[in-house]
Amino acid sequence: MHVDVQLLPCAPEPASLSTRSVVVFDILRATSSIVHAFANGAKEFIPVGTVEEAFQMKKAFLPETTLLGGEKDTQRIEGFDLTNSPREYAAERVKGKRVILRTTNGSQAFRLVSAGKEIMVGSFFNIGATADRCTRLGLDVLAFPSGDEGVLSLEDTVCSGMLIDRIVQKAKGPVSMTDASQAALILFKRFEANLVEAFHLSHHGNKLIRLGLADDLPYCAQVDLFPLVPVFREGVIRMDWNAE
Ligand code: MLT
């Protein structure tokens, strides 16, 4: 199995994705919120690019079935039901609901990798289950850190390194790595004992602290809370319960 990390969040060549598993990470906070919501019974997520697209799409569904979630510049969006804090995606809010999600990086990332053979939603919450799924599928893997408005993000790269570490531990055969995978693995080892330290060094972690959202940092650093892996197919993120 060959494992790579897309260190900069730009669209990979679609042909290079068609035979690979892709794992999208936006630890602070989109993919953490998505995983958290499915653990609390959410039905599906539709990631969209803009606030206007989210309002427009909501009109296609019965109002009681669908929530709008996300952020603009990390802040609550006027008229949306939920922000992008995983702590808001509790069962009382999301059980049985569809969420149309607009965020700055995470909701955009799914479109960039939509040519992937299997596209998974990764976070610290479900890192073990995600590594299991990658090794079970046996395809080459691309970890896709969503980054921070086009540049590398420390927390997404550290989590990509943790995925690689787990895959190496679980894989039956040899795992080959690119320099990017080696770099992510080394970064993960540096912060393994204190993941929140990486969040405190990161640009987006500091922005959340400045905006009074510091509680999201230790919350998103919890490892292996949920043994589930949401999957993005044809524009929608759902649980594939048959594969769990
Ligand atoms: C994003 O998608 O850029 C983030 O999740 C932003 C955030 O939650 O603050």
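Order of appearance sets the numbers: ligands from 1, and atoms from 1 within every ligand.
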Short list, please: which atoms of ligand 1 are under 4.0 Å from a heavy atom of [X]?
X	value
Thr104	1 (C), 2 (O), 3 (O)
Asn84	4 (C), 5 (O), 6 (C), 7 (C), 8 (O)
Thr74	9 (O)
Ala30	2 (O), 5 (O)

> Which bit of Leu28 gets closer than 4.0 Å to ligand 1, counting heavy atoms only: side chain, backbone, both or neither?
Replying inline: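 Under 4.0 Å from ligand 1, Leu28 contributes backbone atoms alone.
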> For ligand 1, does Glu71 get within less than 4.0 Å through its side chain, its backbone, both, or neither, judged by non-hydrogen atoms?
Replying inline: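 The side chain, only.
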> Thr104 and Glu71: side-chain hydrogen bond (donor to acceptor under 3.5 Å, both in side chains), yes or no, with the steps?
Replying inline: CA-CA 7 Å; Thr104 308; Glu71 49 71 38; 2.9 Å; yes
Strictly below 4.0 Å, N to O, side chains only: are [X] and [Y] in salt-bridge contact?
X	Y	value
Asp81	Arg93	no
Arg233	Glu118	yes
Glu88	Arg29	no
Asp140	Lys117	no

> Do any N/O atoms on Leu208 end up under 3.5 angstrom from N/O atoms on ligand 1?
Replying inline: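 N/O-N/O distance below 3.5 Å does not exist for this pair.
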In the protein, what heavy atom is nearest to [atom], and what distance, to one decimal place, separates them?
atom	result
atom 4 (C) of ligand 1	Asp26 OD2, 3.3 Å
atom 3 (O) of ligand 1	Asn105 ND2, 2.6 Å
atom 7 (C) of ligand 1	His204 NE2, 3.3 Å

>> Using heavy-atom distances only, which candidate in Ile34, Leu101, Thr103 approaches atom 2 (O) of ligand 1 most closely?
In response: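 Ranked by closest heavy atom to atom 2 (O) of ligand 1, first place is Thr103.
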> Run the side-chain hydrogen bond (donor to acceptor under 3.5 Å, both in side chains) check on Asp4 and Thr178 step by step: do they pass?
Replying inline: CA-CA 6 Å; Asp4 193 9; Thr178 57; 2.7 Å; yes
>> Ring of Phe80, cation from Arg102 - is the NZ or CZ under 6.0 Å from the centre and inside 45° of the axis?
In response: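 No.
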> Considering the options Val231, Val23, Val24, which one meets the side chain to side chain contact (heavy atoms under 4.5 Å, CB included) requirement together with Ile119?
Replying inline: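 That would be Val24.
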